[in-house]
Amino acid sequence: MVHDLLSQLNDAQRAAAAQINGPMMVIAGAGSGKTRVLTFRIAHLIQNGVDPFNILSLTFTNKAAKEMKHRIGDLIGETHSKDIWMGTFHSIFARILRIESEHINYPRNFTIYDTADAKNLVKDIIKEFNLDDKTYKPGIVYNRISSAKNNLISSQDYINNSDLMAEDRMSGKPRLGEIFAQYDLRLFKAGAMDFDDLLFKTNVLLRDFPSILLKYQEKFQYILVDEYQDTNFAQYLIVKQLAARHANICVVGDDAQSIYAFRGANIQNILNFQKEYGIYDEFSIYKLEQNYRSTKTIVNAANSIISNNKEQIKKDVWTSNDEGDKIKVHKAATDNDEGQFVANQIFYLRQQNGAAPSDFAILYRTNAQSRSFEEALRKLNIPYRIYGGLSFYQRKEIKDLISYFRLACNPNDEEAMKRVINYPKRGIGDTTVQKIVVGATEKNLGIWDMLERSPELGINGATWNKIQEFITLIKSFRVALDVRNAYDLGHQIASESGLLKELYSDRTPEGVARYENIQELLNGMKEFSDRLDDANPLQIHTLSDFLIDVALLTDADQDKGEDNDRVSLMTIHASKGLEFPYVNIVGLEENLFPSQLSLNSREEMEEERRLFYVALTRAEKKATLSYALTRYRWGQISHCEPSRFIEEIDERFLEMPEETQRPSSTRFDQERSHFFGVNNRFSQKPTTSPAAASAPSARNEPPPSPIAPPRNFKKVSTSAPAIPSGEYSSAEEIIVGAEVMHDKFGKGKVIALDGQAPDVKATIFFPKEGQKQLLLRFAKLKVMG
DNA sequence: GTATTATCTAAGTCT
DNA sequence: TAGATAATAC
């Protein structure tokens with residue numbers, strides 16, 4: 001049985017998976033099956049008598065954790081796999097911090113501030129200090145605080161560190177340390193932690209409470225860390241401490257794929273692992289060098305790129321897969337042309353190879369690049385999904401409602417309070433809120449405690465009455481916290497806070513969309529509550545359980561659902577660990593990729609190069625690179641040069657664009673339209689069918705499914721069988737000046753169109769009704785004539 | 001205290 | 001371009 005399990009692995013994989021005790025490092029080239037090794041190793045551990053309760057497995061995303069757990073369950077049975085502690089650093093340590101919260105004087109229900117909350121707080125503090133927010137840019141200040149925390153430097157350490165203080169004086173920000181200290185104090189009083197605190201405070205906990213350290217050392221007798229090359233100092237130290245007693249630690253990673261130095265990841269952690277643990281007899285290093293994912297062309301091209309980096313662990317990634325197609329390089333005239341090229345190519349490959357939309361990924365350096373691809377894909381009715389960007393949980397209305405939730409669980413949550421105390425409007429204005437915030441700081445109270453004592457600040461009768469009403473409202477939610485499940489209470493809060501009514505009364509298209517988003521969130525909560533309540537009927541799943549889940553969700557985590565056959569659009573960072581048959585790497589231009597901000601140092605340039613390596617090695621069958629000669633950046637046209645990374649690939653693996661701007665072959669005759677700068681020519685292609693008339697378009701997108709969980713909710717295209725139409729679908733027909741018919745408002749004329757699909761908003765003048773703004777995806781418009 | 005308008009400035013990657 | 005903020009009027 002034991003033997004059978006590991007016999008499914010190759011020699012190197014098996015050797016790694018079979019080691020039970022002692023420290024070990026697995027250097028795993030891209031596509032070499034490292035998740036497989038982790039999965040099988042854990043299954044093997046359990047088969048050899050290790051208690052699942054004694055295993056800690058740290059992954060890069062929660063989704064990866066979930067999948068791994070599943071696969072382990074498949075191998076050895078779910079009863080064994082379900083007790084493993086498996087998750088991201090942040091979610092595992094959040095869990096530990098909740099359990100141990102009293103030791104660090106935090107409430108069990110502490111809130112986790114996301115980056116927006118954290119930057120807001122920094123911004124407010126800068127204002128309170130009467131500092132110029134052009135000198136002290138909140139984002140920059142926050143980043144500096146963040147990197148200090150990732151290096152386990154407290155605000156006190158920071159202020160006492162003459163080097164850091166000197167740097168701040170040099171950069172004109174001598175009071176940064178003070179801001180840091182105040183920021184931490186405010187977090188503490190709010191019962192809140194930022195992302196970095198989840199690591200920082202865990203270190204404090206393990207450092208200051210030897211008994212707690214011992215408890216977790218004994219619990220986690222076997223530790224596995226995935227993506228070890230992307231750990232920062234705080235993570236490194238936590239792992240080191242936890243493993244110090246049993247030294248059963250297995251780290252897996254690839255130095256060539258280290259792409260998070262900007263957030264404190266230290267590539268030295270993996271490079272130094274051997275020095276650190278080499279003293280143990282059992283210490284072993286395994287190298288996985290056989291790539292199972294990609295063609296020879298892709299593997300070799302990737303190798304040729306990465307050889308330009310100086311610092312790396314020697315390894316020789318190879319594959320026995322086919323040679324495969326050459327990597328096509330495409331030169332587009334503009335960013336929009338690049339979008340069209342990619343969409344056309346996807347369309348073409350689907351026709352030729354029968355590929356599904358989900359076989360494709362479009363990878364870019366920055367989120368802002370997604371737009372031209374969205375537009376082009378939509379025109380061809382190719383379904384897609386964007387990962388990253390403005391996620392569901394960052395939308396205003398969602399954050400508003402969640403702020404009420406947070407306040408109910410933790411009334412001292414300052415950021416949540418500021419967000420909703422006057423939303424919907426209840427006559428508690430900025431000046432009053434300001435008084436409360438300042439008062440709380442001066443009297444060293446939590447924001448809620450101060451609120452309850454508002455009269456001490458001279459807040460007068462009328463306003464005080466309104467505040468009391470607000471206090472009563474929040475209290476009425478609090479009493480239900482442990483009694484009602486997440487959905488029931490969530491629903492109660494949404495309606496009694498007035499939020500639902502507020503949004504419902506807004507009949508503008510945006511208002512309708514916001515209302516529906518709230519419904520989506522509630523639907524997701526229903527699913528959350530039902531799923532968990534059924535699993536354990538004795539225990540209800542509360543609102544604070546839900547919040548814990550939500551705070552650390554990443555975009556990569558949210559892709560459950562029925563409707564997953566879509567092209568993936570994401571940053572290269574977000575693509576780590578994923579693979580696709582067809583990959584387009586776009587925007588390969590100097591100053592974009594590599595980013596202009598990386599030109600200053602070799603280290604940063606090498607990180608960009610590793611990023612490119614990651615991008616290329618996502619591809620299984622075919623990779624296509626593209627760049628544009630001009631591109632809109634910050635509203636202006638800028639001229640671009642091809643990225644140096646294209647040149648760094650051995651040209652044997654490339655199919656370069658023609659030098660003259662005229663394709664010699666007609667293999668992709670749609671290219672012509674780009675080279676000749678004629679938009680939409682391709683739409684005349686003979687693949688056209690009259691089905692276009694029934695092709696879903698912006699005007700008749702089905703409403704979101706009422707049972708879909710919110711993690712499904714992404715900006716998605718109108719789903720449709722992809723058939724480019726000769727006559728464009730109606731989204732195209734609705735143009736400025738068009739005469740349209742609306743069910744309710746009758747005949748009207750389009751005055752303006754703005755916004756991005758699927759949120760295209762039309763301003764339409766209806767002679768009978770006056771001027772209206774309608775979202776195309778909801779308004780059922782018919783074009784006249 | 002609130003609503004509307006005018007002006008500014010920002011876009012690098014993420015838990 | 002768009003979202004955030006400041007200024008203005010109510």
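Order of the sequence lines sets the chain letters (A, B, ...), proteins ahead of strands, with each chain counted from 1. Source: prediction; values computed, not measured. Because only heavy atoms are used, hydrogens play no part in the values below, and waters and symmetry mates are left out as well, while side chains stay in.
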When you measure from the side-chain N and O atoms of [X] to the phosphate of [N], is any distance below 4.0 Å, counting only OP1 and OP2?
X        : N      : value
A:Asn422 : B:dT2  : yes
A:Thr115 : B:dC14 : no
A:Asn367 : B:dA11 : no
A:Thr571 : B:dC14 : yes

Roughly, in whole Å, what's the span from [atom1] in [X] to [atom2] in [N]?
X        : N      : atom1 : atom2 : result
A:Glu502 : B:dA3  : CD    : C1'   : 13 Å
A:Arg395 : C:dA2  : CZ    : P     : 15 Å
A:Glu604 : B:dT13 : CD    : P     : 14 Å
A:Arg371 : B:dA11 : CZ    : P     : 15 Å
A:Lys127 : C:dA6  : NZ    : C1'   : 10 Å
A:Lys576 : B:dT13 : NZ    : P     : 16 Å
A:Asn120 : C:dG3  : CG    : C1'   : 14 Å
A:Lys137 : B:dA10 : NZ    : P     : 5 Å

Q: Using heavy atoms to find the nearest nucleotide of DNA chain B for A:Ile259 and A:Gly427 separately, return the residue whose nucleotide is more 5′.
A: A:Gly427

Q: Report the residue (A:Gln596 or A:Lys425) whose heavy-atom-nearest nucleotide on DNA chain B is the more 5′ of the two.
A: A:Lys425

Counting side-chain heavy atoms from CB outward, which of [options] is closest to [X]?
X        : options                : value
A:Thr431 : B:dT9, B:dG1, B:dG12   : B:dG1
A:Phe195 : B:dG12, B:dC14, B:dT15 : B:dT15
A:Tyr260 : B:dT9, B:dC14, B:dG1   : B:dC14
A:Ser595 : B:dG12, B:dC14, B:dT9  : B:dG12

Does a salt bridge link [X] with [Y], judged by any charged N lying under 4.0 Å from a carboxylate O?
X        : Y        : result
A:Glu374 : A:Arg371 : no
A:Glu469 : A:Arg426 : no
A:Arg263 : A:Asp230 : no
A:Arg406 : A:Asp117 : yes

Q.
Here's one to test your reading of the geometry: is the NZ or CZ of A:Arg98 within 45 degrees of the ring axis of A:Phe110 and under 6.0 Å from its centre?
A. yes

(Q) Between C:dA6 and B:dA11, how far apart are the two C1' atoms, rounded to whole Å? (A) 22 Å

Q. With sugar-phosphate meaning primed atoms plus P, OP1 and OP2, does A:Glu608 contact a base, only sugar-phosphate, or nothing at under 4.0 Å between heavy atoms?
A. base

Q | Option among A:Met450, A:Met417, A:Glu128 that satisfies the side chain to side chain contact (heavy atoms under 4.5 Å, CB included) test with A:Val437 | A | A:Glu128

Q) Does A:Glu607 make a side-chain donor-acceptor contact with the base of B:dG12, cut-off 3.5 Å? A) no

Q: Would you say whether A:Phe262 stacks on B:dT13? The test is a distance between ring centres of less than 5.5 Å and an angle between planes of less than 30°.
A: yes

